[in-house]
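Just the heavy atoms: all of them, side chains too, but no hydrogens, waters or symmetry mates, feed the values below. Just follow the structure's listing: the first ligand is 1, and inside any ligand the first atom is 1.
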Amino acid sequence: MTAEILYGKPIAAATEEEVRQRADRLADRMGRRPQLTAVLVGEDPASQVYVRNKENACRRAGIDGNVLRLPADVSQSRLLETVESLNADHAVDGILVQLPLPQHIDEREVLDAIDPLKDVDGFHPLNVGLLAQGRPRFVPCTPLGILELLRMHRIDVAGKHAVVVGRSDIVGKPMALLLVQRKSAIPGGPDNATVTVCHSRTPDLADIIRQADLLVVAVGRPRVVNGDMVKPGSVVIDVGINRVDGKLVGDVDFDSVATVSSAITPVPGGVGRLTVAMLLKNTLAAAESRSL
Ligand code: GUN
């Protein structure tokens, strides 16, 4: 079998276009564009690239994107004050604090301080709780993008076995919550899967992965899943972005898995593009709901 390649770019481009049209309408009605402020602490090279990608995407989609750069040695209290001032600023619709934060910062306290109505990352405990209860408001962007990808490709997961490898708060946990929902977080999107979450302490990982009709891999280690481990005909979503010998590779060994699965996302060009597009969508939603 040769897998269909699930590219993120066309869906990201369509999302950007839709956001642009709605942002234009909002600008006509309210006299202002949706506004996203990203807070970038320190000089982590990967974070700088991600934030630049977000700025460029905002520009394409008619969203006013700002970046607040703070030094790596910023204090916890200074960072909290920054978040509080963004919460209080009526011109700001969405707030994003780029992760990871430096070691001396209590990340949880910072994310908890973001106004849940401006939490376009969906990391605030209120938004996590709403998602867990099946009434999502802001959904973390990477799993939301994967949901869109599955919907656009009409990949139905109801009653199927979805295996999520990785239990991060950013991807693995919200992904599992989304796939198990009775009713998808997006109209016509995937839902009602039987979900298994695997992690570093899971014994017989390969045996569980081999049972997956839908496999989502988000562990941040290069090529941990290969073609011998996946079920023939399965759909494989690779969330990893790892640099190996100067080249970007996923958590999945694309070449061997593509001969076994029915569909697979590429790295780069798959999930990554969608993550940024969903951030635009969440920011627009924040702006629209604040301007009602
Ligand atoms: N770092 C890696 N992924 C993300 C993300 O989705 N949001 C934020 N804020 N930081 C990240």
May I ask you to identify the nearest protein heavy atom to atom 7 (N) of ligand 1, giving residue, atom name and distance to one decimal place in Å?
Asp121 OD1, 3.1 Å
Side-chain (Asp238) to main-chain (Gly240) donor-acceptor, under 3.5 angstrom:
yes
Test of understanding: given a 4.0 Å heavy-atom threshold, classify the contact between Phe123 and ligand 1 as side chain, backbone, both, or neither.
side chain
Heavy-atom count around Arg32 CZ within 6.0 Å, excluding the residue itself: above 12?
yes
Quick one: do the Thr37 and Gln35 side chains pair a donor with an acceptor below 3.5 Å?
yes
Test side-chain contact (heavy atoms from CB on, under 4.5 Å) applied to Gln181 and Asn192, Leu131, Val195, Leu147, the passing residue:
Leu131
Proximal atoms of ligand 1 relative to Leu96 (non-hydrogen, under 4.0 Å):
9 (N)
Ionic contact status for Lys231 with Asp213, cut-off 4.0 Å
yes
Residue selection (non-hydrogen contact nearest atom 4 (C) of ligand 1) among Val276, Leu101, Ile170, Asp44:
Ile170
Whether the Thr142 and Thr275 side chains hold a donor-acceptor pair (N or O, under 3.5 Å, no angle test) is what I'd like checked.
yes
Contacting atoms of ligand 1, where contact means under 4.0 angstrom from a heavy atom of Gln98:
1 (N), 9 (N), 10 (N), 11 (C)
Atoms of ligand 1, numbered as shown, that sit under 4.0 Å from any heavy atom of Val97
8 (C), 9 (N)
What protein heavy atom lies closest to atom 1 (N) of ligand 1? Include the residue and the distance to one decimal.
Leu99 O, 3.0 Å
